[in-house]
Participant: 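Please see the structure below; I have some questions.
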Amino acid sequence: MIFRFTFSCEEGDPAFRRVFEADSDATFLELHEAILKSVGYPDDQMTSFFLCNEDWEKGQEVTLVEMDKNFEYDNMVMSDTRLSDLIEEQGQRLIYVFDPMFERYFFGSLKEIKAGTMNGVECVESKGKAPKQLKSEDPLAAVGGKGGNDDFMFDDEFKDEYDLGDIDAEGFQDLSFDDGTMF
């Protein structure tokens, strides 16, 4: 069988979309590698796939490397897990976590199951520009530091109550928790 997956993202270019065709016996690792290649990301993050229900709630995780045992689900590794082991019906939803630090991901859906076979996974449609793989945020930018983005962390209520110009970002550099006095 050949699976046809469509992946999109809620951030960045609204036209972003990638469509993949995969042999049902291909592994999640092959799908992972095809996704990275299609968006130009390096393979240096602890990415994961999650099967999802119709409300995009995470279920079974398929990790890049073996992790600690989760009591709710078996630990599944991309290189050892075939797509057909978990994907059974058209409409199956999954997410691909490409930025684990900030929980950013592509939304995927199995759009079609066709008769036939093929080798591995292939990107058959590529539209739009992928978002940057890693979100880089400078925490000092929130307090008027070198980043200069005063809207980073504070909501309007905070801004109304305090003048962000009065917060000295450099004054926070001396904080140390090494002496154990905080806890």
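Values below: all heavy atoms of this structure, side chains included; hydrogens, waters and symmetry mates excluded. Quick caveat: nothing in here was measured; it's all calculated off a predicted structure.
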Participant: Can you confirm whether more than 12 heavy atoms, excluding those of Asp43, are under 6.0 Å from its CG atom?
Facilitator: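 Check passes, neighbour count above 12.
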Participant: Can you name the nearest heavy-atom pair linking Gln60 to Leu86, along with the distance?
Facilitator: CG-CD1, 4.1 Å
Participant: Which value, rounded to the nearest 0.5 Å, describes the distance between Arg18 atom CZ and Ser126 atom OG?
Facilitator: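 Atom-to-atom, Arg18:CZ and Ser126:OG are 3.0 Å apart.
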Participant: Hey, quick one: are Met1 and Met118 part of the same hydrophobic cluster, counting side-chain heavy atoms closer than 4.5 Å, chains of contacts allowed?
Facilitator: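 Hydrophobic grouping puts Met1 apart from Met118.
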Participant: Check whether any side-chain heavy atom of Thr27 sits under 4.5 Å from a side-chain heavy atom of Met78, and report yes or no.
Facilitator: no
Participant: Side-chain heavy atoms nearer than 4.5 Å, only ILVMFWY residues, links allowed to pass through others: does that put Ile113 and Phe5 together?
Facilitator: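 Ile113 and Phe5: one cluster.
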Participant: Nearest heavy-atom pair of Ala115 and Ile2: which atoms, and what distance?
Facilitator: O-CD1, 4.2 Å
Participant: Is any side-chain heavy atom of Thr47 closer than 4.5 Å to a side-chain heavy atom of Leu64?
Facilitator: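 Contact flag for Thr47/Leu64 side chains = yes.
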Participant: Under a 4.5 Å cut-off applied to non-hydrogen side-chain atoms, are Asp44 and Gln133 in contact?
Facilitator: yes
Participant: Measure the spacing between CD of Glu30 and CD1 of Ile35 and express it to the nearest 0.5 Å.
Facilitator: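 With rounding to 0.5 Å, CD (Glu30) is 12.0 Å from CD1 (Ile35).
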Participant: Side chains of Arg93 and Ser109: do they bring a donor and an acceptor to under 3.5 Å?
Facilitator: no
Participant: Is any side-chain heavy atom of Phe3 less than 4.5 Å from a side-chain heavy atom of Val121?
Facilitator: no
Participant: Nearest 0.5 Å please: distance from the CD1 atom of Ile87 over to the CG atom of Leu31.
Facilitator: 8.5 Å
Participant: Given side chain to side chain contact (heavy atoms under 4.5 Å, CB included), test Ile95 with Cys52 step by step and report yes or no.
Facilitator: CA-CA 7 Å; Ile95 58 174; Cys52 298; 3.9 Å; yes
Participant: Let's go through Gln45 and Met101 carefully: what are the C-alpha distance in whole Å and the side-chain angles of both, what is the deciding distance for side chain to side chain contact (heavy atoms under 4.5 Å, CB included) to 0.1 Å, and is it a yes or a no?
Facilitator: CA-CA 9 Å; Gln45 297 299 308; Met101 180 67 84; over 6 Å; no
Participant: With rounding to the nearest 0.5 Å, note down the distance linking CD in Glu61 to OG1 in Thr81.
Facilitator: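 Between Glu61 CD and Thr81 OG1, I get 11.0 Å after rounding to 0.5 Å.
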Participant: Check the pair Phe7 / Leu94 against side chain to side chain contact (heavy atoms under 4.5 Å, CB included), numbers first and verdict last.
Facilitator: CA-CA 9 Å; Phe7 285 86; Leu94 63 156; 4.2 Å; yes
Participant: Is the shortest side-chain heavy-atom distance between Gln90 and Lys111 below 4.5 Å?
Facilitator: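 Sidechains of Lys111 and Gln90: no contact.
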Participant: Per the ring-ring contact (aromatic ring centres under 6.0 Å, His included) rule, what does the pair list look like for residues 106-135, sequence neighbours excluded?
Facilitator: Phe16-Phe106, Trp56-Phe107, Phe98-Phe106, Tyr105-Phe107
Participant: Is there a side-chain contact between Val124 and Phe20 in this structure, where contact means two heavy atoms from C-beta onward sitting under 4.5 Å apart?
Facilitator: no
Participant: Is it true that Lys58 and Glu103 have a side-chain N and a carboxylate O under 4.0 angstrom from each other?
Facilitator: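 Salt bridge: yes.
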Participant: Check ring pair (Phe, Tyr, Trp, His ring centres under 6.0 Å) between Phe28 and all other residues, then give those that pass, not counting sequence neighbours.
Facilitator: Phe49
Participant: Quick one: are Asp25 and Ser84 in side-chain contact, heavy atoms under 4.5 Å?
Facilitator: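 Heavy-atom side-chain distance check passes, below 4.5 Å.
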Participant: To the nearest 0.5 Å, how far apart are CG in Asp99 and CD in Glu11?
Facilitator: 8.0 Å
Participant: For side chain to side chain contact (heavy atoms under 4.5 Å, CB included), just list the numbers for Leu51 and Gln92, CA-CA rounded to whole Å, side-chain angles, deciding distance to a tenth of an Å, and then say yes or no.
Facilitator: CA-CA 8 Å; Leu51 296 183; Gln92 172 66 56; 4.0 Å; yes
Participant: At what distance, to the nearest 0.5 angstrom, does CZ of Arg4 lie from NZ of Lys114?
Facilitator: 5.5 Å
Participant: Is any NZ, NE, NH1 or NH2 atom of the basic residue among Glu125 and Arg17 found under 4.0 Å from an Asp or Glu carboxylate oxygen of the other?
Facilitator: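 Yes.
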Participant: So Thr63 and Ser48, do their side chains get closer than 4.5 Å, heavy atoms only?
Facilitator: yes
Participant: Which residues satisfy the side-chain contact (heavy atoms from CB on, under 4.5 Å) test with Lys129, sequence neighbours excluded?
Facilitator: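 Here the qualifying residues are Asp13.
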